[in-house]
*Asks:* 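Could you have a look at this structure, given as structure tokens, before my questions?
These figures come from a predicted structure and were not determined experimentally. The sequence lines fix the lettering, A, B, ..., with proteins before strands; numbering per chain opens at 1.
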Number of protein chains: 2
Amino acid sequence: MTVAPSSILSLTETAESIGRCTLFKGVRSESLLRLAESARSVFLPRNGTLYRQGELADDLFIVVSGQIGMFLPLPNGAEKIIVLARSCDSVCEATAYLGVPHTATAVAKVDSHLLAISSEVLRQQAQQDAGLACQLLEAMSNRVIGLISDIAGSSPRSSLQRLSYYLLQFRAEDNPRVYGLTLPASKRDIAAKLNLAQASLSRAFRQLLEMEVIAVAGRKIQVLDAEALAEFCRNGEDNGAD
Amino acid sequence: MTVAPSSILSLTETAESIGRCTLFKGVRSESLLRLAESARSVFLPRNGTLYRQGELADDLFIVVSGQIGMFLPLPNGAEKIIVLARSCDSVCEATAYLGVPHTATAVAKVDSHLLAISSEVLRQQAQQDAGLACQLLEAMSNRVIGLISDIAGSSPRSSLQRLSYYLLQFRAEDNPRVYGLTLPASKRDIAAKLNLAQASLSRAFRQLLEMEVIAVAGRKIQVLDAEALAEFCRNGEDNGAD
DNA sequence: CGAGTCGTTGATATCTTTCAATCCCTGTGG
DNA sequence: CCACAGGGATTGAAAGATATCAACGACTCG
């Protein structure tokens with residue numbers, strides 16, 4: 001992991017960068033500046049390790065650009081991806097806030113640029129700025145909900161159900177029957193997130209494809225019948241067209 | 001769900017009750033009182049439903065006595081238990097703080113007594129009392145870590161590994177080789193938490209038993225060789241005695 | 001044009017699930 | 001004190017689904 005002094009950017013620029021992150025949106029600039037003072041700029045090449053499970057969390061990371069994957073090493077050598085963080089996302093808020101060992105390992109999926117904020121400063125600032133604390137609270141709440149959603153998505157035994165659930169998460173608010181999406185990562189990583197073998201995911205895609213519920217073009221996917229997907233999630237059985 | 005006016009308890013008594021909860025430990029009494037004012041007392045008989053997935057979260061619940069199980073209904077009619085909350089635990093902090101729909105369903109495993117705190121008041125108070133907000137932040141962080149740990153425990157395919165991981169969580173800080181524990185719920189519920197069929201969990205217990213890694217007496221369990229359990233978690237294979 | 005990665009596909013083994021019957025323990029009632 | 005539900009846990013046999021291993025095709029990059 002390459003660490004560059006944040007001085008490449010001015011303090012105010014750094015503060016702005018931090019403020020753009022969803023985690024700190026709306027936080028008053030004074031707090032932002034404090035955080036920026038403690039920030040280090042980190043560049044991580046593709047496949048570079050940001051931290052490993054078990055290491056102490058001294059920093060909160062903000063993804064400026066690139067993509068970071070947090071995963072759990074699994075007994076059989078495989079890995080389970082917990083979060084895929086992209087621009088403006090933050091990583092390891094919980095462990096950083098608590099200052100405890102990282103629960104997962106984080107690596108860059110592509111060349112990435114991040115900001116490391118001292119967890120100690122973060123705690124201090126949270127104590128003094130309730131607005132900041134509440135913002136963190138909100139982000140953390142969303143993370144909790146996201147994790148529970150992940151658990152929900154990984155709990156069904158059937159690979160078809162897991163994939164259906166996953167694809168359904170990209171559906172817009174107004175619940176359209178047809179919609180498009182782009183996979184945020186390689187199929188291999190998606191499989192790791194859904195706790196499936198690459199091969200199993202591939203077969204699941206094929207099933208959906210042959211049922212004409214989706215159309216696939218590389219990472220671009222067209223959902224042709226979201227209702228059918230939802231039906232899979234409920235019943236686990238195919239009811240095709242009704 | 002039976003709702004009784006909190007007036008059975010004096011306001012200060014309620015505030016004290018709230019303060020005992022780990023979620024609000026160390027919070028200044030003024031904030032506690034504000035929260036207490038908004039609190040309702042809730043009694044839930046065994047198998048009573050506290051709330052269902054999808055309902056709006058208007059309240060944060062504190063378990064005064066009893067046990068609450070939060071679970072996700074699964075496609076095949078089974079259910080996945082996410083959290084088992086006991087005395088002094090809190091339930092659905094994230095959804096309540098955000099005021100969004102519940103992500104899971106909560107029922108009482110035994111006759112239970114809880115306190116319902118208005119989520120709106122909670123948000124207000126958090127804005128005004130950074131100490132409270134930080135306390136919530138800490139609790140939420142722990143919840144995140146706990147969830148990730150759950151994910152880690154549910155990710156390995158093997159039932160032996162899942163059970164081993166689960167039992168290992170009861171190990172004391174100093175990593176003793178031998179230790180005892182009492183299951184916090186029925187084997188059926190444990191199975192639901194580990195994403196296993198009752199029968200599969202039973203068989204996993206039997207394996208561990210026959211390998212003399214644990215001893216079982218109802219809900220009381222003696223771990224005879226924690227290292228062996230840890231080994232299972234890593235390798236997924238039995239290396240018996242070395 | 002060769003190297004490397006990603007994704008697909010096939011055949012097999014392994015594991016869990018499922019369903020059902022049985023056993024065990026507990027609390028109740030006679 | 002014994003008998004009888006009732007729930008929880010165990011066990012057995014069969015079926016189903018995914019993992020695994022390996023080989024192949026497609027694509028990108030240098």
*Asks:* With sequence neighbours left out, write down each residue that passes side chain to side chain contact (heavy atoms under 4.5 Å, CB included) with A:Ser202, or none if nothing qualifies.
*Replies:*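 Side chain to side chain contact (heavy atoms under 4.5 Å, CB included) check on A:Ser202 returns nothing, list empty.
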*Asks:* Going 5' to 3' along nucleotides 24-30 of chain D, which nucleotides have protein heavy atoms under 4.0 Å from the base (write B), which only from the sugar-phosphate (write S), and which from neither (write -)?
*Replies:* -------
*Asks:* Side chains of A:Ser200 and A:Arg203: any donor to acceptor distance under 3.5 Å?
*Replies:*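 Checked: A:Arg203/A:Ser200 side chains show no N/O donor-acceptor pair below 3.5 Å.
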*Asks:* Report, one line per pair, each donor and acceptor closer than 3.5 Å where one atom sits in a side chain of residues 206-216 of chain A; sequence neighbours left out.
*Replies:*
from	atom 1	to	atom 2	distance (Å)
A:Arg206	NH1	A:Glu210	OE2	3.2

*Asks:* Which pairs count as ring pair (Phe, Tyr, Trp, His ring centres under 6.0 Å) when at least one residue sits in residues 179-219 of chain B, sequence neighbours excluded?
*Replies:*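 Every pair satisfying ring pair (Phe, Tyr, Trp, His ring centres under 6.0 Å) with a residue in residues 179-219 of chain B: there are none.
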*Asks:* Please enumerate all residues that pass side chain to side chain contact (heavy atoms under 4.5 Å, CB included) together with A:Arg143, with sequence neighbours excluded.
*Replies:*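 In terms of side chain to side chain contact (heavy atoms under 4.5 Å, CB included), with neighbours along the sequence ignored, A:Arg143 is linked to A:Val83, A:Glu93, A:Leu147, B:Val144.
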*Asks:* Calculate the interatomic distance between A:Leu209 atom CG and C:dT9 atom C1'; express it in whole Å.
*Replies:*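 Between C1' of C:dT9 and CG of A:Leu209: 14 Å.
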*Asks:* Is it true that a side-chain atom of A:Ser87 and a backbone atom of A:Val64 form a donor plus acceptor pair closer than 3.5 Å?
*Replies:*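 A pair under 3.5 Å: yes.
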*Asks:* If you measure from the Lys or Arg side-chain nitrogens to the Asp or Glu carboxylate oxygens, is any gap between B:Lys193 and B:Glu79 under 4.0 Å?
*Replies:*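 B:Glu79 and B:Lys193: not salt-bridged.
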*Asks:* Between B:Gln207 (CD) and D:dA9 (P), how many Å, whole number?
*Replies:*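 My rounded result for the distance is 19 Å.
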*Asks:* Distance alone, cut at 3.5 Å: any donor-acceptor contact between the side chains of B:Ser154 and B:Tyr165?
*Replies:*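 There is no such pair (donor and acceptor under 3.5 Å, judged by atom type) between the side chains of B:Ser154 and B:Tyr165.
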*Asks:* Please report the distance, rounded to the nearest Å, between CZ in B:Phe232 and P in C:dC15.
*Replies:*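 So the two atoms are 13 Å apart, to the nearest Å.
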*Asks:* Residues two or more places apart in sequence or in another chain: which of them pass side chain to side chain contact (heavy atoms under 4.5 Å, CB included) with A:Ala139?
*Replies:*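 A:Leu23.
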*Asks:* Just wondering, do A:Ile68 and A:Ser112 contact through their side chains at under 4.5 Å, heavy atoms?
*Replies:*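 SC-SC contact between A:Ser112 and A:Ile68 confirmed.
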*Asks:* Among residues 212-223 of chain B, which contact DNA chain C at a heavy-atom distance under 4.0 Å?
*Replies:*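 None - not one residue of the stretch has a heavy atom sitting under 4.0 Å from the strand.
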*Asks:* Given axes from five pairs at either end, by how many degrees does the helix from C:dC1-D:dG30 to C:dG30-D:dC1 bend, rounded to 10°?
*Replies:*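 Computed angle between terminal axes is 30°.
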*Asks:* Looking only at side-chain atoms of B:Ser159, point me to the closest of C:dT16, C:dT9, D:dA9.
*Replies:*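 Of all the options, the side chain of B:Ser159 is nearest to C:dT16.
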*Asks:* Name the pairs: protein N/O against N/O of nucleotides 2-5 of chain C, kept only if under 3.5 Å.
*Replies:*
none

*Asks:* Output the rounded distance in Å from CG (A:Leu160) to C1' (D:dG16).
*Replies:*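 Between C1' of D:dG16 and CG of A:Leu160: 14 Å.
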*Asks:* Counting C-beta onward and ignoring hydrogens, is there a side-chain heavy-atom pair between A:Leu229 and A:Asp225 closer than 4.5 Å?
*Replies:*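 No - every pair of side-chain heavy atoms lies 4.5 Å or more apart.
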*Asks:* Going from OG on A:Ser164 to CD on A:Gln169, what distance comes out if it is rounded to the nearest 0.5 angstrom?
*Replies:*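 The OG atom of A:Ser164 sits 11.5 Å away from the CD atom of A:Gln169.
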*Asks:* Identify all pairs in which a protein N or O lies below 3.5 Å from an N or O of nucleotides 17-19 of chain C, and state each distance.
*Replies:*
from	atom 1	to	atom 2	distance (Å)
C:dT17	OP1	B:Asn195	O	3.4
C:dT17	OP2	B:Ala197	N	3.1
C:dT17	OP2	B:Ser200	OG	2.4
C:dT18	OP1	B:Asn76	ND2	3.1
C:dT18	O4	B:Arg203	NH2	3.0

*Asks:* Between B:Arg20 and B:Ser17, is there a side-chain donor-acceptor contact under 3.5 Å, judged purely by atom types and distance?
*Replies:*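 Yes, side-chain donor-acceptor contact under 3.5 Å.
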*Asks:* I'd like to check the ring pair (Phe, Tyr, Trp, His ring centres under 6.0 Å) partners of A:Tyr166; sequence neighbours left out, ordered by chain and number.
*Replies:*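 Per chain and number, A:Tyr166 pairs via ring pair (Phe, Tyr, Trp, His ring centres under 6.0 Å) with A:Phe170.
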*Asks:* Flag the pair A:Arg171 / A:Val223 as yes when at least one side-chain heavy-atom distance between them is below 4.5 Å, and no otherwise.
*Replies:*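 Answer no - side chains too far apart.
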*Asks:* Between P on C:dC23 and CZ on B:Arg206, what's the gap in Å once rounded to a whole number?
*Replies:*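 Nearest whole value for this atom pair: 15 Å.
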*Asks:* May I have the distance from B:Leu183 (atom CG) to D:dA9 (atom P), rounded to whole angstrom?
*Replies:*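 Nearest whole value for this atom pair: 9 Å.
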*Asks:* From CD of B:Gln161 over to P of C:dT16, roughly how many Å is that when rounded to an integer?
*Replies:*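 The answer, rounded to whole Å, is 10 Å.
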*Asks:* Which residue pairs pass the salt bridge (Lys or Arg N to Asp or Glu O under 4.0 Å) test when at least one of the two sits in residues 182-191 of chain A, sequence neighbours left out?
*Replies:*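 Found A:Lys109-A:Asp189.
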